[in-house]
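Encoded as structure tokens, the structure appears first; notes follow it.
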Amino acid sequence: MSKLDYCFSNDYMVLRPDRAGPFELLHLLFSPKVGRNRAVDCFTSTEVHSFRRRFAIFLNLLLQLFLLSLVGPVVAVVGAALEFVLNLASNVLHGRMEYPDRKSASYRSITGFIDPRVDLERSITPTDSRYHAALCVMASKVAYENEAFIRDVVTRRWQMEFVQFYNCWNEFENEYTVQAFVFCDKAADAELVVVAFRGTPALDVARWCADLDPSWYKIPRLGRAHAAYTHALGAQRNIGWPKWVEHVKGKPQRVYAYYAIRDAMKQLVEANGRARVLVTGHGSGGALAVLFATVLAYHREKAVLDRLAGVYTFGQPQVGDAMLAMFAERNLDRPRKRHFRVTYGDDPLPRLPLESSAAHFLHFGIRLHFDSFYNLKVVREIPGEERSASPAAIATSRINAAWELGRSVYLGYWRSAYCGEGWLLLAARALAVALPGLPFHRVQDYVNAITLAGDRIPKDI
């Protein structure tokens, strides 16, 4: 990619680990002239005089290089082998003596094996204050599966109408990096339309790096936005966010996430006069969800925004700066609150990216935080909070991981049979005692939290 690819932004900084060699890394440590460094795409005149910020960029590039070149290939092989073995064992145990087919409705991801639940808790009905949150968190979990699996769950288990699965093209990475699906609560005269974005798969190192990457663009009228999520959602080289993707000339026909899903939403709300829209995602899927709703406002898509019932994100990373935060709150949370950012325990993903400057990344709005006892606390975000990883915080994280392991043994008996945990999840929690944090950014705790919250989940604030 050339720097012309970013000319839609009047200010940007994009890290390029593919160009980071020893010279580029050392240059970051000793020279403030970041704009002349091949490992950082920004205006040539850009200078960063703060050694702390340059060191943070240096560490991030070093970590991405390590993950992509050393850990990535090993993790990919181990992940594929583990997923295959788990599916083969599942077939045998269920009397299906067949080779696992990655595209079949019975094939599960590692996330799906760790927490096999796909049904909504029976006590949560459409009149329950938890219903929107419960439907969204389960849709966010099911989004990690393949299209056939998702279709089967939506139509057969939920008795709802599956609309479409999207596998979307990333113009900047030249590959398909975003998956999402859309469904309605019923085939005719739908009252709910839901779009769920897939988060970072359990052992996808390239997507780990995207979550870690502090790259950003400053977009006119919007503010600084996370570069990886901007790329993934469908930004176009050279022109960024045109209102219509057809404005892009000379490009092959690709499905871009924002444009394809936006057009589907417009058609669905037009065809269903009473339909309300929910947008959701877990982890990076949550980042895509809130950014999707924000870009709808950026393009003044009033037809969809007027029907927006809520944006529910679970363990969502930071997506932008204070200007973007004010834009999102002005358009999503007025006249009533519609962005619900749910966090759990010491989940590290909401702390990402680890940018040393709060001017570039921070959270916004109201946070619904659940502790490890699944107690709910509603918190008004304070810019810059949760940035540090002190020795005390690391020690606390390990203690919490040990407590979660002990809690898991009797949770199904203590609180709800629906929250009972199997041997694979117990094994993952045991491993988390030694390695707490990012590898076990766990969607099952969000399902448990919403299920056990009682009537405390607000529909609006």
Side-chain angles (χ1 to χ4, degrees), residues 66-119 138-154 156-157 165 167 175-177 179 181 196 198-211 282-285 315 347 349 401 404-405 408-409 411-412 418-448:
F66 173 72
L67 289 173
L68 291 171
S69 61
L70 297 177
V71 176
V74 175
V75 169
V77 171
V78 171
L82 176 59
E83 194 172 81
F84 174 84
V85 169
L86 288 172
N87 277 280
L88 181 61
S90 177
N91 285 351
V92 172
L93 289 172
H94 288 86
R96 299 190 301 268
M97 303 305 293
E98 58 187 37
Y99 192 84
D101 179 3
R102 296 179 63 87
K103 296 182 179 180
S104 76
S106 62
Y107 193 94
R108 288 179 180 266
S109 68
I110 292 175
T111 298
F113 275 107
I114 289 177
D115 182 3
R117 290 174 295 183
V118 295
D119 293 319
M138 189 55 70
S140 298
K141 192 179 87 67
V142 172
Y144 286 99
E145 309 304 327
N146 65 50
E147 179 180 357
F149 188 100
I150 294 170
R151 183 188 296 271
D152 181 69
V153 167
V154 171
R156 188 170 63 86
R157 307 293 287 269
F165 178 86
N167 187 27
E175 61 179 302
Y176 295 94
T177 63
Q179 292 73 38
F181 72 100
R198 180 182 295 175
T200 301
L203 297 175
D204 188 336
V205 174
R207 302 277 66 79
W208 292 357
C209 290
D211 295 335
H282 170 251
S284 59
D347 184 349
L349 218 67
E404 288 172 348
L405 173 60
S408 296
V409 175
L411 183 63
Y418 181 78
C419 297
E421 301 185 356
W423 68 268
L424 192 59
L425 180 50
L426 289 174
R429 290 199 188 279
L431 189 56
V433 176
L435 298 171
L438 190 60
F440 305 102
H441 165 61
R442 34 202 180 265
V443 68
Q444 67 273 4
D445 281 317
Y446 289 96
V447 177
N448 291 348

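Starting from 1, each residue takes its place in the sequence as its number. Below, all heavy atoms of this structure are taken into account, side chains as well, without hydrogens, waters or symmetry copies.
- Atom OG1 of residue Thr177 and atom CZ of residue Arg198 lie 11.0 Å apart, to the nearest 0.5 angstrom.
- You'll find the side chain of Trp208 reaches within 4.5 Å of the side chain of Val205, heavy atoms only.
- Residues Leu68 and Cys209 have side chains in contact (heavy-atom distance under 4.5 Å, counting atoms from C-beta outward).
- Looking only at distances, no side-chain donor or acceptor of Tyr446 sits under 3.5 Å from a matching main-chain atom of Lys141.
- Two residues are said to be in side-chain contact when any heavy atoms from C-beta on lie closer than 4.5 Å; Asn146 and Lys103 fail this criterion.
- Side-chain atoms of Ile110 and Tyr144, non-hydrogen and from C-beta on, never get closer than 4.5 Å to each other.
- Judged purely by atom type and a 3.5 angstrom limit, Asn91 has no side-chain atom pairing as donor or acceptor with the backbone of Tyr99.
- Between Ser408 atom OG and Gln444 atom CD the span is 8.0 Å, to the nearest 0.5 Å.
- Put simply, CG on Asp211 and CG on Asp204 are 9.5 Å apart, with the number rounded to the nearest 0.5 Å.
- Counting heavy atoms from C-beta on, the side chains of Arg117 and Tyr418 come closer than 4.5 Å.
- Annotation for Val433 and Leu405: closest pair CG2-CD2, 4.1 Å, computed over non-hydrogen atoms.
- Proximity of the aromatic rings of Tyr107 and Phe84 is defined here by a centroid distance below 6.0 angstrom, and this criterion is not met.
- Arg96 is listed as a side-chain neighbour of Ser106, based on a closest heavy-atom distance under 4.5 Å.
- In this structure, the side chains of Val118 and Glu145 stay at 4.5 Å or more apart for every pair of heavy atoms.
- With rounding to the nearest 0.5 angstrom, the CG atom of Asn87 is 9.5 Å from the CG atom of Leu82.
- With hydrogens and angles ignored, the 3.5 Å screen pairs no side-chain donor or acceptor of Ser90 with any backbone N or O of Leu86.
- For Asn448 and Arg442, the side-chain atoms include no donor-acceptor pair closer than 3.5 Å.
- Under the 3.5 Å distance criterion, the side-chain polar atoms of Asp152 are left unmatched by any main-chain donor or acceptor of Ala148.
- Checked by atom type and distance alone, the side chain of Arg207 never pairs as donor or acceptor with a backbone atom of Ala202 at under 3.5 Å.
- In this structure a side-chain-to-backbone donor-acceptor pair under 3.5 Å is present from Ser284 to Thr200.
- Asp445 is listed as a side-chain neighbour of Arg429, based on a closest heavy-atom distance under 4.5 Å.
- Rounding to the nearest 0.5 Å gives a distance of 10.5 Å between CZ of Phe149 and CZ of Phe181.
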